[in-house]
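Structure, as structure tokens:
As a basis for the values below, the full set of heavy atoms in this structure was taken, side chains included, without hydrogen atoms, waters or symmetry mates.
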Amino acid sequence: MLKIYNTLARDKQEFVPIVPGKIGMYVCGMTVYDYCHLGHARVLVAFDMVYRWLKASGYDVNYVRNITDIDDKIIKRAAENGESIHALTARFIAAMHEDADALGVQHPDHEPCATQYVPEMLEMIATLEQRGLAYQAPDGDVNYAVRKFAGYGKLSGKSLEDLRAGERVEVAEGKHDPLDFVLWKHAKADEPEEVKWDSKWGKGRPGWHIECSAMGSKLLGSHFDIHGGGADLQFPHHENEIAQSEGAQPDDGSHGQFVNYWIHNGFVRVDNEKMSKSLGNFFTIREVLKQYDAEVVRFFILRAHYRSPLNYSDAHLDDAKGALTRLYTALKSLPVRPELVEGERATQSIHASTSSARTDLVDWSEPYAARFKTAMDDDFNTPEAVAVLFDLVNEVNHTKSAEAAAQLKALGDVLGLLQRDPVEFLQGRSLQAHMHEEVRASSSADAEVVRGENFINAQIEARIAAKKARNYAEADRIRKELLDAGIVLEDSAAGTTWRRA
RNA sequence: GGCGAGAUAGCAAAAUGGUUAUGCAGCGGAUUGCAAAUCCGCCUAUCCCAGUUCGAUUCUGGGUCUCGCCUCCA
């Protein structure tokens, strides 16, 4: 039985879907005006893991992850760049998809853009106005009247009084209450036509929160199972979503509740501080991927629990790399079962696993798999699940069991890990193209030679010759030289192989 | 100021009212021409002070410290 920590209850709860066997899940995605940073990577990977586990548990999941493609920052950035809003957002949507693909993130079932759902938003705002929950201020903005919504604050655990006490921003004119938030922003003269939509309240554009309410209810219904996002969205974004969506529930005496389970992931930190744009202490995903294999980054994220803080540093990434190397080394030593080997050549990237994890290959009654499942069912405890993977590694190395190796790979697949050819991972071919680029740029001929596979293989041959001639000094010199270049040689009965340190 | 989360070994990170987390690092042994990998064994821990209990890292209270939200934010 799956248990989920529900922010709404501030406790782990047994998960019961609204419709047996089916799950509607909405996750707040990115505002696309810049490259994604590691904090975004964590949301992408964390909810990808949730998505995979729900599917592996047999649910038919409808996963919606939105894209915010209209927003103050977008308008500002486009103006700075002298380009259209659409050109800017299209570029960063493409970049986001590249980053997500690299990290092995499966595509959501729907990826709606805010600009495509303006009519639905206007409809919802009209309903709210009709019910006295929204009003148009003198400046033309349409605001939500928070004090008219009884449940305001239930997600973030705040009361209107607490919030007012902590008020530290200037209150916009015309609001009935300082905490009222904007549903529809009236058009400003200096804004491009591209961001002006007609409405009964005049030309304008949507406020930030309304898009998620409108798209969520359009694609998943007015009441659905799971809503996720970063912990910083809890307030005000998700609180406001609840106010909007529950305030606009259909008038048919049905449920009245918007979402049953709210899931929030923890932050990525740098030097114990939240990684954020405003602090400027962020690393973009593509920056990090120049230095580290994408699967190492994915593993780094999944090795911590999704609600815990995750400190980013090179030392921690190096540590993750070492750990993942142990997993792949175990898989390298043995061929897994034929049905798993088949097609392996075609699955060279970590996102290769098909839309539904190959759970048919997992025997969940087998002790390791059972432990893995218990861990995942306990609020997606990936650190515990990963620990099971390492116990399986010991089993594989100890018994040389092909079944255990197959199990290791199959369970890895559930987490979106371990699906590459181990040799490809260990020799770091995925970084090859990049390395060559960098080497050329630095015009360091030596480094290029040393790093080239041809050179490595030639050195291995030379060393074998030296060993045959019992010239161990030369053999050791070659080993040392390659090691200094980051290449580890491994002798075995089957011959000499190499991997990157 | 209001609200919330957390403090576990050298580092990272789980769990648990009494019994091995796990990974990296370190130490000893096996193996190896030397290594690497692997196996076997070992070492380092539960922020402080009270309380509950036969027994607390785990529960309760107090304290200290850290972090987050209250402003755009994943």
Side-chain angles (χ1 to χ4, degrees), chain A residues 7 10 27-31 36-47 65 68 71-73 76 153 156-159 161-170 179 208 228-237 239 264-269 272-279 282 299-300 303-305 307-311 313 315-327 329-330 332-333 371 375 378 381-391 393-394 396-400 426 467 470-473 475-476 479-480 483 487-493 496-499 501:
Chain A
T7 308
R10 257 160 279 280
V27 171
C28 289
M30 257 52 79
T31 300
C36 292
H37 59 65
L38 229 44
H40 300 117
R42 191 174 192 190
V43 192
L44 290 168
V45 170
F47 287 100
R65 191 185 65 213
T68 299
D71 154 87
D72 289 354
K73 292 186 293 296
K76 183 162 173 270
S156 53
K158 298 171 192 301
S159 71
E161 287 63 41
D162 291 344
L163 288 163
R164 280 182 196 117
E167 191 62 57
R168 43 180 227 211
V169 273
E170 199 120 338
L179 292 161
W208 173 37
D232 45 3
L233 297 183
Q234 207 172 304
F235 187 90
H237 184 55
E239 196 67 65
H264 293 97
N265 66 273
F267 301 126
V268 174
R269 297 183 185 175
N272 224 28
E273 254 190 343
K274 178 185 173 183
M275 178 182 287
S276 74
K277 296 245 167 147
S278 43
L279 287 171
F282 62 90
F299 179 80
F300 167 68
R303 195 157 67 134
H305 185 83
R307 283 191 284 114
S308 301
L310 180 62
N311 255 306
S313 76
H316 297 156
L317 266 292
D318 288 339
D319 191 67
K321 180 187 174 186
L324 189 58
T325 296
R326 177 168 164 81
L327 295 175
T329 301
K332 175 193 152 196
S333 60
R371 275 178 60 205
D378 182 15
N381 192 340
T382 54
E384 183 67 29
V386 167
V388 173
L389 259 34
F390 282 103
D391 287 341
V393 164
N394 187 254
V396 168
N397 289 333
H398 185 72
T399 66
K400 307 294 177 201
L426 295 168
K467 277 169 62 172
R470 300 207 164 266
N471 184 353
Y472 291 121
D476 289 350
R479 175 195 293 291
K480 178 74 165 44
L483 187 61
I487 304 299
V488 180
L489 296 188
E490 300 183 336
D491 295 333
S492 76
T496 299
T497 56
W498 64 274
R499 65 183 169 86

Rounded off to whole Å, could you give me the [atom1]-to-[atom2] distance for the [X] and [N] pair?
X         : N      : atom1 : atom2 : answer
Phe235(A) : G2(B)  : CZ    : P     : 17 Å
Asp319(A) : A13(B) : CG    : P     : 10 Å
Leu279(A) : C73(B) : CG    : C1'   : 10 Å
Leu317(A) : A12(B) : CG    : P     : 14 Å
Asn397(A) : U31(B) : CG    : P     : 19 Å
Lys158(A) : G2(B)  : NZ    : P     : 13 Å
Asp476(A) : U32(B) : CG    : P     : 16 Å
Gln234(A) : C70(B) : CD    : C1'   : 12 Å

Separation between the [atom1] atoms of [N] and [M], rounded to whole Å:
N      : M      : atom1 : result
G6(B)  : G62(B) : P     : 16 Å
C39(B) : C48(B) : C1'   : 42 Å
A7(B)  : G63(B) : C1'   : 13 Å
C47(B) : C42(B) : P     : 25 Å
U16(B) : G29(B) : P     : 38 Å
U20(B) : C54(B) : C1'   : 25 Å
G55(B) : U19(B) : P     : 15 Å
A12(B) : C3(B)  : P     : 31 Å

From [options], nucleotide with atom closest to [X] side chain:
X         : options                : result
Asn272(A) : A37(B), C67(B), C34(B) : C67(B)
Pro236(A) : A14(B), C72(B), G23(B) : C72(B)
Arg499(A) : A37(B), C11(B), G33(B) : A37(B)
His316(A) : A13(B), C72(B), C11(B) : C11(B)
Thr329(A) : A37(B), G33(B), A74(B) : A37(B)

| said: Quick check on RNA chain B: between Ala231(A) and Glu273(A), whose nearest nucleotide comes earlier from the 5' end? | reply: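 Per heavy-atom nearest nucleotide, the more 5' residue is Glu273(A).
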| message | Both Val386(A) and Asp71(A) contact RNA chain B. Which one's nearest nucleotide lies toward the 5' end? | response |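 Of the two residues, Val386(A) wins.
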| Would you say the side-chain atoms of Glu384(A) pair up with the backbone N or O of Ala375(A), donor to acceptor, closer than 3.5 Å? |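 Answer holds: no.
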| Ala501(A) backbone acceptor or donor facing Lys321(A) side chain under 3.5 Å |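 It does hold such a pair.
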Do [X] and [Y] have side chains that approach each other closer than 4.5 Å (heavy atoms only, starting at C-beta)?
X         : Y         : result
Glu490(A) : Lys332(A) : yes
Arg65(A)  : Val43(A)  : no
Phe390(A) : Leu327(A) : yes
Leu324(A) : Arg303(A) : no

Tell me what [X] touches on the nucleic acid: a base, only sugar-phosphate, or nothing, going by heavy atoms under 4.0 Å.
X         : result
Val388(A) : nothing
His305(A) : sugar-phosphate
Ala323(A) : sugar-phosphate
Gly29(A)  : sugar-phosphate
Leu489(A) : base
Asn381(A) : sugar-phosphate

Is there a donor and acceptor pair, one atom on the side chain of [X] and one on the base of [N], closer than 3.5 Å?
X         : N      : answer
Arg269(A) : C67(B) : no
Asp232(A) : C72(B) : no
Lys274(A) : C73(B) : yes
Arg479(A) : A35(B) : yes

Contact list (N/O, under 3.5 angstrom) for nucleotides 4-9 of chain B vs protein:
none

| Arg470(A), CZ atom: more than 12 neighbouring heavy atoms under 6.0 Å |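 Incorrect, the count does not exceed 12.
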| said: Is it the case that atom NZ in Lys274(A) sees more than 12 heavy atoms from other parts of the structure closer than 6.0 Å? | reply: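 Result for NZ/Lys274(A): enclosed.
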| Minimum heavy-atom distance between Lys467(A) and Tyr472(A), given as atom pair plus value |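 In terms of heavy atoms, the two residues are closest at CG-CE2, 4.2 Å.
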| said: Pair Leu310(A), His316(A) - check side-chain contact (heavy atoms from CB on, under 4.5 Å), show working. | reply: CA-CA 10 Å; Leu310(A) 180 62; His316(A) 297 156; over 6 Å; no
| task | Could you run through RNA chain B and flag its stems, i.e. three or more consecutive Watson-Crick or G-U pairs with both distances under 3.5 Å? | result |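 If one scans RNA chain B for consecutive Watson-Crick or G-U pairs, the stems found are B:1-7 with B:64-70, B:10-12 with B:22-24, B:26-30 with B:38-42, B:47-51 with B:59-63.
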| query | Does A74(B) have Phe267(A) stacked on its base, where the ring centres are within less than 5.5 Å and the planes differ by under 30°? | reply |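 Ring-base stacking flag not set for Phe267(A) and A74(B).
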Can a side chain N or O of [X] be found less than 4.0 Å away from OP1 or OP2 on [N]?
X         : N      : result
Trp208(A) : C73(B) : yes
Asn311(A) : A12(B) : no
Asn394(A) : C40(B) : yes
Ser308(A) : A13(B) : no
Arg326(A) : C39(B) : yes

| task | Carefully, step by step, assess Arg479(A) and Asp491(A) under the rule side-chain contact (heavy atoms from CB on, under 4.5 Å). | result | CA-CA 11 Å; Arg479(A) 175 195 293 291; Asp491(A) 295 333; 3.3 Å; yes
